[in-house]
Q: 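One structure, as structure tokens, below. Some questions next.
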Amino acid sequence: MAILGTHVVYDADSALEAYQKRFYGLVLLEPEALGKTCIDLIRSLRKMDRKILIVILTALPRESPELVRYWMEGADLIVCKPFSLSRLLDVIQERLHVKTDSDAENRCRKLLSVWGFQRRLLGTRFIELSSRLLYGNATMPMKTVYMEVAQRERTSPENVESAIRTAVQDAFTNGQLRKAYSSDKRPSNKEFLYMLAEMMVRHEND
């Protein structure tokens with residue numbers, strides 16, 4: 001099932017058709033009802049509107065790898081069942097007021113620019129994708145982050161790890177990243193990515 005505003009539909013094609021006729025600010029999706037088309041629907045909605053709030057309502061366990069895919073393709077919020085209606089309304093209202101996907105991406109790019117990360121480096125793009133994963137789940141292991149980014153970018157986890165390390169080293173040596181640390185030692189990928197995700201949250205209300 002997909003709920004767009006107050007419009008309820010039961011398949012991905014109907015959801016897209018409804019959205020093309022009228023723009024909505026909020027979409028609720030139930031992956032178990034939509035099946036494999038849920039990922040395609042998220043991707044299509046996000047291409048049409050970067051600001052729309054996409055909320056996943058799911059019975060999947062929180063540790064399910066499928067939930068990571070929803071984050072990567074553009075879902076803003078995942079609510080696991082069971083939940084009360086009042087709780088659902090609270091988390092949606094909070095998200096609408098203080099978080100949007102585009103705002104998070106802009107905060108990430110602003111921080112990377114200040115620290116001197118080069119857009120020409122592939123590792124910078126990998127960092128942006130990694131930060132999005134960690135912004136939604138700050139406890140995600142680095143191994144999982146590398147695997148998810150690699151799958152999206154059609155490369156290997158080793159290449160993702162190496163490219164990020166190169167970008168961090170460049171910003172630390174030639175940019176302003178050194179000033180963010182009290183040590184003269186370059187931070188590890190894990191240390192840097194966790195710090196970036198933390199600062200993205202910290203700057204939400206700036």
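Positions are given from 1, in the same order as the sequence printed here. Heavy-atom basis, side chains included; hydrogens, waters and symmetry copies ignored.
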Q: Once you round to the nearest 0.5 Å, how far does CE of Met195 lie from OG of Ser131?
A: 11.5 Å
Q: Do the non-hydrogen side-chain atoms of Val145 and Leu129 ever get within less than 4.5 Å of each other?
A: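 No, every pair of side-chain atoms sits at 4.5 Å or beyond.
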Q: How long is the straight-line distance from OG of Ser64 back to CD of Glu66, given to the nearest 0.5 Å?
A: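 The distance works out to 6.0 Å.
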Q: Any donor-acceptor pair under 3.5 Å linking the side chain of Ser14 with the backbone of Tyr10?
A: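 No, the answer is negative, given that no donor and acceptor are paired below the 3.5 Å cut-off.
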Q: Can you find a pair of side-chain heavy atoms, one from Leu111 and one from Phe117, that are under 4.5 Å apart?
A: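 No, side chains not in contact.
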Q: What is the distance from atom CD1 of Ile78 to atom CD1 of Ile54, rounded to the nearest 0.5 Å?
A: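 Answer for the CD1-CD1 pair, Ile78 versus Ile54, is 11.0 Å.
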Q: Taking all heavy atoms of Ile42 and all of Glu73, pick out the closest pair and write down the distance.
A: CG2-O, 3.6 Å
Q: Considering all heavy atoms of both residues, which atom of Asn159 and which atom of Thr155 are nearest to each other, and what is their separation?
A: ND2-OG1, 3.0 Å
Q: Would the number of heavy atoms belonging to other residues, nucleotides or ligands and lying under 6.0 Å from NZ of Lys81 be above 12?
A: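 Result for NZ/Lys81: enclosed.
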Q: Mark yes or no for whether Ser130, through its side chain, and Phe126, through its backbone, hold a donor-acceptor pair below 3.5 Å.
A: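 Yes: the side chain of Ser130 pairs with the backbone of Phe126.
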Q: Decide yes or no on side-chain contact (heavy atoms from CB on, under 4.5 Å) for Leu134 and Glu198, but give the supporting numbers first.
A: CA-CA 9 Å; Leu134 292 169; Glu198 179 182 348; over 6 Å; no
Q: To the nearest 0.5 Å, what is the distance between OH (Tyr70) and OG1 (Thr58)?
A: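 So the gap between those two atoms works out to 6.0 Å.
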Q: Check whether any side-chain heavy atom of Leu57 lies under 4.5 Å from a side-chain heavy atom of Leu88, and answer yes or no.
A: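 Yes; the side chains approach each other to less than 4.5 Å.
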Q: Quick check against the 3.5 Å criterion: does Asp76 have a side-chain atom that pairs as donor or acceptor with the backbone of Val55?
A: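 Not a single qualifying donor-acceptor pair exists.
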Q: Please give me the minimum heavy-atom distance between Cys108 and Leu196, naming the atom from each residue.
A: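 In terms of heavy atoms, the two residues are closest at SG-CD2, 4.1 Å.
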Q: Arg186 versus Thr173: any side-chain heavy-atom pair under 4.5 Å?
A: no
Q: Is the shortest heavy-atom distance from the side chain of Asp11 to the side chain of Thr37 under 4.5 Å?
A: no
Q: Are side-chain heavy atoms of Leu67 and Cys80 found at a separation under 4.5 Å?
A: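 Yes, at least one pair of side-chain atoms sits under 4.5 Å.
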Q: Could you check whether any side-chain N or O of Thr124 sits under 3.5 Å from a backbone N or O of Arg119, counting only pairs where one atom can act as donor and the other as acceptor?
A: no
Q: Considering non-hydrogen atoms only, spot the tightest contact between Ala75 and Ile56 and give its length.
A: CB-CG1, 3.8 Å
Q: Indicate, with yes or no, if Leu121 and Val160 share a hydrophobic cluster defined by side-chain heavy-atom contacts under 4.5 Å among Ile, Leu, Val, Met, Phe, Trp and Tyr.
A: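 In one cluster with Val160: Leu121, no.
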Q: Under 3.5 Å, sequence neighbours excluded: what are the donor-acceptor pairs made by side chains of residues 146-153?
A:
residue : atom : partner : partner atom : Å
Tyr146  : OH   : Asn189  : ND2          : 3.1
Arg152  : NH1  : Met72   : O            : 2.9
Glu153  : OE1  : Arg125  : NE           : 2.9
Glu153  : OE2  : Arg125  : NH2          : 2.9

Q: Side-chain contact test, heavy atoms from C-beta onward, threshold under 4.5 Å: evaluate it for Met142 versus Glu161 and give yes or no.
A: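 Met142 does not reach Glu161 side chain to side chain.
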Q: Would you check if Leu133 and Thr144 make a side-chain contact, meaning some heavy-atom pair closer than 4.5 Å?
A: no
Q: If we ignore hydrogens and angles and just use 3.5 Å, is the side chain of Thr166 paired with the main-chain N or O of Ser162 as donor and acceptor?
A: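 At least one qualifying donor-acceptor pair exists.
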Q: Carefully, step by step, assess Met140 and Val68 under the rule side-chain contact (heavy atoms from CB on, under 4.5 Å).
A: CA-CA 10 Å; Met140 181 179 293; Val68 177; 3.8 Å; yes
Q: Minimum heavy-atom separation for Leu45 to Ile52, with atom names?
A: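 Looks like O-CG2, 4.2 Å.
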Q: Yes or no on side-chain contact (heavy atoms from CB on, under 4.5 Å) for Val168 and Ile127, after CA distance, side-chain angles and deciding distance?
A: CA-CA 9 Å; Val168 171; Ile127 287 171; 4.2 Å; yes
Q: What residues form a ring-ring contact (aromatic ring centres under 6.0 Å, His included) with Phe172, not counting sequence neighbours?
A: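 Per chain and number, Phe172 pairs via ring-ring contact (aromatic ring centres under 6.0 Å, His included) with no residue.
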Q: Is Arg132 salt-bridged to Glu128, cutoff N-O under 4.0 Å?
A: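 So Arg132 does not pair with Glu128 through a salt bridge.
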